Each structure stands twice: as C-alpha cells, then as structure tokens.
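Below is one structure, written out as structure tokens; the observations come after it.
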There are 2 protein chains.
Amino acid sequence: MQRTEQLCDKFRSLGLKVTPQRRHIFQVLEGNGSHPSADEVYDRVKVSMPDISLATVYNTLRELVNLGEIRSLDLGEGRSRYDPHTDGHHHLSCVRCRGVVDVACGTHALELAPEQQHGHRILGADVTFYGVCPTCLEQESVNQTAPSLRMWGVPASD
Amino acid sequence: MQRTEQLCDKFRSLGLKVTPQRRHIFQVLEGNGSHPSADEVYDRVKVSMPDISLATVYNTLRELVNLGEIRSLDLGEGRSRYDPHTDGHHHLSCVRCRGVVDVACGTHALELAPEQQHGHRILGADVTFYGVCPTCLEQESVNQTAPSLRMWGVPASD
DNA sequence: ATGTATGCAAAGCGTTTGCATCATG
DNA sequence: CATGATGCAAACGCTTTGCATACAT
C-alpha cells in the first residue's frame with residue numbers, strides 16, 4: 001500500500017473523494033502489520049474519529065482491495081483480515097490466538113508442475129501455515145493443555 | 001473419509017446415532033470430488049430425502065470435520081466447502097467458475113525455514129492455487145473479456 | 001453545483017442454536 | 001426407555017445495501 005498522501009492523490013485522480021474518514025482509515029492501515037479485521041480497523045479509527053460508521057470502513061476497505069492497495073485475507077476465521085503488504089508473501093497463523101505473521105516467499109517458488117495444472121492458467125497461490133505461536137506454546141505447557149495434534153480445524157482448550 | 005458403512009460403525013462406537021439422514025449425507029460425500037458447499041450437499045441429499053433440514057446437514061458436516069473424516073475448505077468464497085479427501089493435498093480453484101480440483105502435494109514438502117517460523121510450532125499448511133480453468137479460458141477468449149490480470153480477488157466480467 | 005461519501009438501519013448470507021418432537025441403540 | 005438427532009425458526013456474526021443528508025471537488 002502506498003503512503004497516505006499518495007493514496008489520496010490516487011483517489012482524487014480516479015474521481016474518488018478524499019474524506020477525513022478515508023484519510024484516517026489509510027493511516028491506520030499504513031504499515032500495519034497486525035492483519036486487522038474490518039472491526040479492528042473500525043476500533044482503531046474510532047479513537048480519533050468516534051462517529052465514523054462501520055459501513056464506511058467496510059466500503060473503504062473494499063475500495064482499497066479493488067484498487068489493489070491492500071490484500072484481503074481469508075484465514076478461515078469467518079471474517080476477512082486486511083494486509084497493506086501486497087507483495088508476494090505468505091502467512092503463518094496461530095491456531096490458538098489467531099495471531100498472524102508474514103513469512104517471506106523465499107525460494108519456495110511454489111510452482112505447479114504442468115501435469116498438475118489440469119489445463120488452467122495459473123494466476124497465483126495463497127499459502128497459509130498453521131501453528132502455535134511462542135506465547136501460546138508457553139501457556140499450553142503451563143496449562144497442560146491437550147497436545148496440539150488433532151487441532152488446526154478446531155483449536156485446543158482455553 | 002471412510003466408506004459409509006465403516007463410518008456408521010464409527011459413529012455407533014462413539015455413541016453417535018446413525019440416522020437415515022446421516023447415511024444419506026455420508027453417501028453424498030463418499031468419493032465426492034466436487035468440493036461441495038453445505039448447500040450443495042443439502043441439494044443432493046434432498047433428491048432422495050426431500051424433508052431433510054439444512055441444519056441437519058450443517059450439524060453432520062461439523063461432526064464429520066471434528067472426527068477428521070472430512071476437511072473444511074475456506075477458499076475465500078464466504079462459505080465453506082467440504083472435501084472427503086483428507087490426505088495431504090492442495091487445491092486449484094478457478095477464479096471465474098469457482099470450480100476446484102485437487103493437486104497432489106508432490107515433492108513440494110512446503111517447509112518453513114527455521115528462521116521464518118518465528119518460534120512457532122508448525123502444524124501444517126494450506127495451499128490454494130488460483131487460476132482460470134480450461135472451460136473459462138475458452139469463454140474468455142470468445143467473449144474478449146478483460147485479460148485476467150488484475151483479477152483473483154475480484155474475478156473478471158461475465 | 002454536481003456527484004460521491006457518509007451514517008444509519010435494515011437486509012443479506014452462511015451458519016449455529018433453542019426447543020419440542022422423534023427414533024436409534 | 002434414555003439419549004441423542006431432527007426440523008423448524010429464530011438468532012448470530014460479518015458484510016452489503018438503500019436512502020436521505022452532508023461534503024469534496
């Protein structure tokens with residue numbers, strides 16, 4: 001995602017309007033590595049703009065996704081998360097606390113052998129690693145929680 | 001997923017009951033490679049059991065997922081799809097028609113370099129390839145649709 | 001001044017749940 | 001016969017939309 005000011009220019013050049021609400025949303029997203037949900041963006045914006053509507057947040061996020069400025073992530077949580085980091089990278093999600101960190105693509109070229117493409121034109125791939133983050137691992141050992149084996153689908157206890 | 005009869009035995013041995021509804025659902029899923037949504041399973045079961053409730057389908061699918069008999073897939077469509085094929089494999093989804101085919105894991109061991117694990121205990125990974133299937137490619141060339149470039153996020157025209 | 005964005009509330013969609021009834025084991 | 005499953009409808013969480021008002025350009 002571009003910097004807020006450049007984004008504003010882009011919006012204007014497309015005939016879209018730059019409202020205070022949108023500027024606030026841009027600023028919350030800029031450099032945000034927490035992969036926030038729409039609701040979390042809403043909460044963050046409300047701090048400095050208490051009267052903003054959740055619908056406005058949703059509409060603006062959709063606009064940004066359509067413009068290719070942010071990515072919408074579906075990590076099987078029943079809601080979308082948003083990532084201003086749009087270059088190719090993958091995600092590592094903790095099945096207990098739902099925290100998400102970026103992982104570089106590295107050399108995992110992640111190509112599909114021609115015989116496995118089934119005639120498709122391949123556009124890209126999404127990779128999500130599932131695991132347990134250091135913090136949750138600690139709590140697990142303390143709480144003697146069931147071993148995180150059959151999980152990842154339905155996370156462990158609390 | 002096991003065969004229907006073996007699944008019935010498993011259910012009974014766990015104190016779960018084998019009802020006609022469940023048996024029908026098992027049979028629709030058995031060997032089903034279409035990655036159906038709950039609604040699609042519902043439609044298929046209704047053919048031979050018109051009075052079944054959608055809630056029953058949902059409840060049974062959830063049970064099967066919890067037992068590890070089927071996988072729940074989240075392909076960013078806003079609804080879950082179900083796969084009776086539970087051994088490690090990935091998916092290739094057509095961004096236009098939403099069709100999904102399995103792709104073998106192959107040698108794509110898909111491991112995360114230790115320095116990229118950020119201290120997590122890795123449990124697994126989901127890989128989804130996005131592309132355009134042969135059928136849609138054909139239609140695209142006929143309809144002179146916009147090149148499928150900026151898509152995969154919001155699919156092309158109709 | 002024009003057209004787009006906003007806030008609000010309602011609707012939409014997929015999914016879950018509460019409850020009375022039914023049927024499996 | 002006891003427990004768990006069913007169907008129905010209501011509730012749920014996330015997201016979109018309709019509409020009248022407000023504001024950026």
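The shown structure was predicted, so the numbers you read here are calculated from the model rather than taken from an experiment. So that the names make sense, note that chain A is the first sequence line, chain B the second, and so on, each numbered from 1.
- Distance CD1 (B:I25) to P (D:dA5): 12 Å, rounded to an integer number of Å.
- Side-chain N or O atoms of B:Q27 include none that pairs as donor or acceptor with a backbone N or O of B:H24 at under 3.5 Å.
- Distance CG (A:L61) to P (D:dT15): 9 Å, rounded to an integer number of Å.
- Put simply, the residue from A:L7, A:T19, A:T60 that forms a side chain to side chain contact (heavy atoms under 4.5 Å, CB included) with A:I25 is A:T60.
- For the pair A:H85 and A:D87, the minimum side-chain heavy-atom distance is below 4.5 Å.
- Distance B:R23 CZ to D:dA5 C1': 15 Å, rounded to the nearest Å.
- B:Q2 contributes no side-chain N or O that, together with a main-chain N or O of B:E69, makes up a donor-acceptor pair within less than 3.5 Å.
- Spacing between atom CD1 of A:I52 and atom P of C:dG7 amounts to 6 Å, rounded to whole angstrom units.
- If you measure from atom CG of A:D51 to atom P of D:dC23, you get 12 Å, rounded to the nearest angstrom.
- When each of A:D102, A:T128, A:D126 is tested with A:H91 by the rule side chain to side chain donor-acceptor pair (under 3.5 Å), just one qualifies, namely A:D102.
- With hydrogens and angles ignored, the 3.5 Å screen pairs no side-chain donor or acceptor of B:R96 with any backbone N or O of B:V132.
- Neither OP1 nor OP2 of D:dC23 sits under 4.0 Å from any side-chain N or O of A:Q21.
- A sub-4.0 Å separation between OP1 or OP2 of C:dG7 and a side-chain N or O of A:T56 is present.
- In this structure, A:L64 places its CG atom 14 Å from C1' of C:dA5, rounding to the nearest Å.
- For the pair B:R22 CZ and D:dT3 P, the interatomic distance rounds to 17 Å; values are reported in whole Å.
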Exercise for review: For each nucleotide in nucleotides 10-25 of chain C, reading 5' to 3', give B when a protein heavy atom comes within less than 4.0 Å of its base, S when such contact involves only the sugar-phosphate, and - otherwise.
Suggested key: ----SBBB-----BBS
